[in-house]
Number of protein chains: 2
Amino acid sequence: MKLAAKSKTRSPPARRRVASRAARASETKVVSAPLSRPNRAERAAERRQAIVDAAMEEFIARGFAATRLDDIAKRAGVAKGTIYLHFKDKESMFEELIRTAIVPLVGRLQAPPPAGATVRELVEGFALTFIREVVNTRRGDIVRLIVAEGPRFPSIADFYYREVVSKGLAGMRAVIELGIARGEIANANLARFPQILIAPALIAVIWQSLFAKHAPLDAIEMFRTHLDLIFGERRTT
Amino acid sequence: MKLAAKSKTRSPPARRRVASRAARASETKVVSAPLSRPNRAERAAERRQAIVDAAMEEFIARGFAATRLDDIAKRAGVAKGTIYLHFKDKESMFEELIRTAIVPLVGRLQAPPPAGATVRELVEGFALTFIREVVNTRRGDIVRLIVAEGPRFPSIADFYYREVVSKGLAGMRAVIELGIARGEIANANLARFPQILIAPALIAVIWQSLFAKHAPLDAIEMFRTHLDLIFGERRTT
DNA sequence: ATAATATGACTGACTAGTCAGTCATATTCA
DNA sequence: TGAATATGACTGACTAGTCAGTCATATTAT
């Protein structure tokens, strides 16, 4: 009983501009055509990205359960059904978003290995990157989201542990051991708990979300002070 | 679809169950006061507490939005309507829970001021209490819940900042300044960032919820290592 | 008795997920 | 070349629920 007859009026949904056939004839197979005239596949990818972006915003703002797919669709400028062309269901979408949001974050942090630097400079470099790229951006909210929803999405917590936490900590441990070997770090026990090195960064993430409006926190200065504890008073700057 | 309107006259629901109430009365009360026959006020308080406990479990397990009042009622052993005799609505209940769960926690931590102790012993005492009473208990999950839901419940975040964070940090700052004055703490900057002192404890809370099953974390040993950084290598124990 | 409490069936608002149908684009064929 | 045909991305009304909050009725306690 789909009273179909009435739907002739379908509001024409602002279809994106495209041009036609003359062009098609001249350039049949240009693969990576620049964004001037997106073809079907490119437009689809665009829309998927719009959905991903919109979903991220909504999930960050409301958490998993309270986020409405209608709102995601609206924000992305697509119909709700379109979401289901790209994602199996709400849960899959959430999991995939969190996963992909995390991956580039790791690469960024383990990327730059400057040669002639002290271990402290190395660590400080990591920290500055983290604070700049995570603490003061939307990515920080993603970290908070993982803390928030992790227990209800064990697969996310597991993935995050494998791909981010264990790798990140292993990297930190290596750096710490280097520092110990070079005599920059006095306390050899620190290598057993690389979490200590990270702790103030995580605190900063949480602080920004919850308490920044009550008392702004200078994450960089806090981290430097923390490094003073680990490496000794000497300050780089 | 919603063929509602017709049932003006609520169908008389064959009521049964009469004995159960008496049965319940006989099996109540073993816990605290040795009153064999609790009076009205006491029973009401009991039920309220049952609701509070049940709600806590459910909120911790599912978060605010995904928790069903039917489940709370079931777990508490009351009817759903009973909840509304004690709480205005779901949101009020959640807020009150978080609030009341936190208050005793602060008192506990600023309570015992032993006289002839070093500052390090003082801090270590705090930390052990925190780890015992929070990290390894349901209270830790409440802390996580605050981090998770805080942004969507500003009044909770505000309350928590006023009553817990600012007071806790002020207390820590005082202790740090004492340590500096006594020469136990070398880095005077630490007083500017008492968060650093707390950081590993918060890490431990989060770790227990998310990653303990992958890699158990010895929170106490981690904290001692952290104290070594602050107070110098010598270990108390 | 009768006021205070407790109950749970019920309502209405809200939402995840579906699917028949549309139409811009792509492909085929004369 | 361009008309005919095929494709599949996209839409949004719709279904099948779910659940917070209400209230008429029932059950104590005093």
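Just the heavy atoms: all of them, side chains too, but no hydrogens, waters or symmetry mates, feed the values below. Chain letters run A, B, ... following the sequence lines, proteins first, then strands; residues in each count from 1.
Taking only side-chain atoms of A:Lys90, from C-beta outward, the nucleotide of D:dA20, C:dG8, C:dA16 with the closest atom is C:dA16. Of the candidates C:dG8, D:dG21, C:dG17, D:dG21 carries the atom nearest the B:Leu69 side chain, counting heavy atoms from C-beta on. Residue B:Arg68 has its side chain nearest to D:dC19 when only D:dT11, D:dC19, D:dG21 are considered. Among the nucleotides D:dA20, C:dA6, C:dG17, the one closest to the side chain of A:Tyr84 is C:dG17. Of the candidate nucleotides C:dT7, C:dG17, D:dG21, C:dT7 has the atom lying nearest to any side-chain atom of B:Val78.
A ring-centre distance under 6.0 Å is not found for A:Phe130 and A:Phe223.
Checking the phosphate oxygens (OP1, OP2) of D:dA9, no side-chain nitrogen or oxygen of A:His86 falls inside 4.0 Å. Between B:Thr82 and C:dT7 there is a side-chain polar atom (N or O) within less than 4.0 angstrom of OP1 or OP2. Residue A:Arg47 places none of its side-chain N or O atoms closer than 4.0 Å to OP1 or OP2 of D:dA9.
Regarding A:Lys74, its NZ atom lies at a distance of 15 Å from the P atom of D:dT11, rounded to whole Å. Whole-Å rounding puts the A:Asp70 CG to D:dA13 P distance at 11 Å. Computed from coordinates, the A:Met93 CE to C:dG17 C1' distance equals 11 Å when rounded to whole Å. Atom pair B:Arg48:CZ and C:dT5:P shows a separation of 13 Å (rounding to whole Å applied).
Nucleic acid contact class of B:Leu85 (heavy atoms, under 4.0 Å, all strands): base. Note on B:Lys80: a base of the nucleic acid sits closer than 4.0 angstrom, heavy atoms only.
Side-chain contact, A:Ser155 with A:Asp158: no donor N or O sits under 3.5 Å from an acceptor N or O.
Both A:Thr67 and A:Gly81 lie near DNA chain C, and the one whose nearest nucleotide falls closer to the 5' end is A:Thr67.
Using a 4.5 Å heavy-atom threshold, the side chains of B:Tyr160 and B:Val143 count as touching.
Every side chain to side chain contact (heavy atoms under 4.5 Å, CB included) that B:Ala212 has, sequence neighbours left out, goes to B:Gln208.
Checked by atom type and distance alone, the side chain of A:Thr137 pairs as donor or acceptor with a backbone atom of A:Glu133 at under 3.5 Å.
Under the Watson-Crick and G-U wobble criteria, each requiring two contacts below 3.5 Å, nucleotide D:dA4 is paired to C:dT27. Across all strands shown, D:dT15 forms a Watson-Crick or G-U wobble pair with C:dA16, both key distances being under 3.5 Å.
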